[in-house]
J.: 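Encoded as C-alpha cells, here's the structure I'll be asking about.
Per chain, numbering begins at 1; letters A, B, ... match sequence-line order.
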Number of protein chains: 2
Amino acid sequence: MKDNNDMPGHLARRFQQIAVAVFHAEVEEAGYDLTPVQYAALAAISTNPGIDQITLAGLIAYDRTTITGVVDRLAQKGLVARNPSSRDRRARELQITDAGRQTLAGITPAVEAAQKTMVRGLTAEETEELMRLLRKAIAAGNELSRAPLREALAQAAKDK
Amino acid sequence: MKDNNDMPGHLARRFQQIAVAVFHAEVEEAGYDLTPVQYAALAAISTNPGIDQITLAGLIAYDRTTITGVVDRLAQKGLVARNPSSRDRRARELQITDAGRQTLAGITPAVEAAQKTMVRGLTAEETEELMRLLRKAIAAGNELSRAPLREALAQAAKDK
DNA sequence: GCACTCTTGACAGTATACTGATAATCAGCA
DNA sequence: TGCTGATTATCAGTATACTGTCAAGAGTGC
C-alpha cells in the first residue's frame with residue numbers, strides 16, 4: 001500500500017489547502033475580505049483593463065463557468081465594473097474601479113506575506129526550487145485541465 | 001507587480017487543478033467513477049476498519065464537515081457501510097464493503113498512473129525533490145489549516 | 001445573403017472545502 | 001450523582017471548480 005505522502009496528488013491538495021488558509025488568515029488580519037481567486041482576478045483586471053471574461057479566465061487559468069461567479073462577486077463588492085463591449089455585443093469589458101484599486105494596493109502586503117508564510121518551512125533556495133519544479137510540472141500538464149493557462153494573444157492582436 | 005508564476009499560492013492552485021483533472025481522466029478511462037477525495041477516504045477506511053469519521057478526517061486531512069458528504073456518497077455507492085458504534089453512541093464506525101474492496105483493487109493502477117502523469121514534465125529525481133519539498137512545507141504549515149493531518153493515536157490506543 | 005461553425009457568457013447540477021451553529025453524547029470532577 | 005466542558009456528527013450558508021447545455025452574436029465560405 002502506497003503512502004499518501006508518496007502521492008504527488010495528495011501533496012498537491014494538502015499544500016493548496018494550507019496556502020488558501022494562510023491567504024485567508026493574512027488578508028483578514030489586514031482587514032480585507034477577498035479570496036485568493038478574487039485577488040488574482042482583480043489583479044489581472046487591473047493589469048489588463050477592458051479585458052473580456054474568457055481572456056481573463058485564460059490568463060489566470062480559471063474555468064469559464066467559475067469566472068462568472070468570481071466577477072459577479074467582485075462587481076457586487078464594487079471593485080470592478082462590467083460593461084458591454086462595443087466591439088462584440090456578446091462580450092463584457094471588465095474595468096477595475098477606484099475602490100478596486102484601493103483594495104488592491106492595500107491588500108498586496110498581506111498577499112506577499114501569505115506567500116512567505118505558506119513556505120515558512122523551506123529555505124529561500126528550497127522555495128525557489130519548489131517554484132521551479134511546480135512551474136515545470138504545470139507547463140507539461142497545462143493542457144490536461146479544462147482551464148489551461150492562455151496567453152492574451154488575441155487581446156494583444158486586437159490592440160494593434 | 002509580482003508575476004503569478006512567482007507566487008507559491010498560485011502555483012499550488014494550478015498544480016492541484018491539473019492533478020485533479022489527470023486523476024479524473026485516468027480513473028474514468030479505467031471505467032470507474034471516484035473522485036480523488038473519495039479514493040483517499042476509501043483507501044483509509046480499508047486500512048483502518050471500524051474507524052470513526054473524525055479520526056478518518058484527521059488521517060487524510062479533510063475538514064470534518066467535508067467528510068460527512070464524502071462518506072455519504074461512498075455509502076450511497078455501496079462501497080462503505082456506516083454503523084453506529086457500540087462504544088460511543090455519537091460515533092459511527094466505517095467499514096469497507098466487498099464492492100468497495102473490489103473497486104479499490106481495480107482502481108489502484110489508474111490512480112498510480114495518474115500520479116505519474118501529473119508530473120510527466122519532471123524527471124524521477126525532480127519528482128522526488130518536489131515531493132520532499134512539498135512534504136517539508138506541509139509539515140511546517142500543518143496547523144495553519146482548519147483540517148490538519150492527525151495521527152490515529154486515539155484509534156491505536158483503543159485497539160490496545 | 002445565407003448557412004454553418006465558433007465564441008462569449010450564463011445556467012443547472014455535482015463535489016469539494018470552509019465558517020459557524022447545534023443536538024446528542026461522553027468524560028471528568030465537585 | 002449531577003454539572004460542566006469536550007467531542008461526534010450534522011446542517012445551513014458561501015465560494016471555488018467542474019460537466020454539460022444553451023442562447024445570442026460573430027465570422028467564414030459559398
J.: Would you indicate what A:Ala147 reaches in the nucleic acid, counting non-hydrogen atoms under 4.0 angstrom: base, sugar-phosphate, or nothing?
T.: sugar-phosphate
J.: Before giving the answer on side chain to side chain donor-acceptor pair (under 3.5 Å), spell out for B:Gln17 and B:Arg14 the whole-Å C-alpha distance, their side-chain angles and the decisive distance to 0.1 Å.
T.: CA-CA 5 Å; B:Gln17 185 180 39; B:Arg14 189 81 188 93; 2.4 Å; yes
J.: Would you say D:dT16 has OP1 or OP2 under 4.0 Å from some side-chain N or O of A:Gln38?
T.: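 True: A:Gln38 side-chain N/O within range (under 4.0 Å) of D:dT16 OP1/OP2.
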J.: Between B:Ala91 and A:Thr35, just flag the one whose closest nucleotide in DNA chain D comes earlier from the 5' side.
T.: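 Whichever sits nearer the 5' end wins; that is B:Ala91.
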J.: Output one line per pair: protein atom, nucleotide atom from nucleotides 19-21 of chain D, and distance, for all N/O pairs under 3.5 Å.
T.:
from, atom 1, to, atom 2, distance (Å)
D:dT19, OP2, A:Arg146, NE, 3.1
D:dT19, OP2, A:Arg146, NH1, 3.2
D:dT21, O4, A:Arg64, NH2, 3.0

J.: Quick one: is C:dA17 close enough that its OP1 or OP2 comes under 4.0 Å of any side-chain N or O from A:Gln16?
T.: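 So the side-chain polar atoms of A:Gln16 never come under 4.0 Å of the phosphate oxygens OP1 or OP2 of C:dA17.
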J.: Do other residues, nucleotides or ligands put more than 12 heavy atoms under 6.0 Å from A:Glu143 CD?
T.: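 For A:Glu143, atom CD is crowded (more than 12 foreign heavy atoms under 6.0 Å).
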J.: For A:Glu26, give me all partners under salt bridge (Lys or Arg N to Asp or Glu O under 4.0 Å), at least two apart in sequence or on another chain.
T.: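 Testing A:Glu26 for salt bridge (Lys or Arg N to Asp or Glu O under 4.0 Å), a comparison that skips the adjacent residues, returns none.
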J.: Would you find a donor on one side and an acceptor on the other, under 3.5 Å apart, between the side chain of B:Thr103 and the backbone of B:Ala99?
T.: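 Yes; judged by distance alone, with no hydrogens or angles, the pair exists.
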J.: Got more than 12 heavy atoms from elsewhere within 6.0 Å of CG, B:Asp33?
T.: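 No, the 6.0 Å shell around CG holds no more than 12 heavy atoms from other groups.
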J.: Is the phosphate of C:dT16 approached by B:Thr66 (side-chain N or O, under 4.0 Å from OP1 or OP2)?
T.: no
J.: Under 4.0 Å between any heavy atoms, over every strand shown, what does B:Val20 touch: base, sugar-phosphate, or nothing? Just pick one.
T.: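 Touches nothing.
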J.: Please check if atom CD in A:Glu28 has more than 12 non-hydrogen atoms from other residues, nucleotides or ligands closer than 6.0 Å.
T.: no
J.: Would you check, one step at a time, whether the test salt bridge (Lys or Arg N to Asp or Glu O under 4.0 Å) holds for B:Glu126 with B:Arg120?
T.: CA-CA 10 Å; B:Glu126 285 175 326; B:Arg120 65 179 186 181; over 6 Å; no
J.: Give each protein N/O atom lying under 3.5 Å from an N/O atom of nucleotides 25-28 of chain C, with the pair distance.
T.:
from, atom 1, to, atom 2, distance (Å)
C:dT25, O2, B:Arg90, NH1, 3.1
C:dC26, OP1, B:Arg89, N, 3.1
C:dC26, OP2, B:Arg89, NH2, 3.4

J.: Looking at A:Gln17, does any N or O in its side chain come under 4.0 Å of the phosphate oxygens OP1/OP2 on C:dC18?
T.: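 It does, given that an N or O in the side chain of A:Gln17 lies less than 4.0 Å from OP1 or OP2 of C:dC18.
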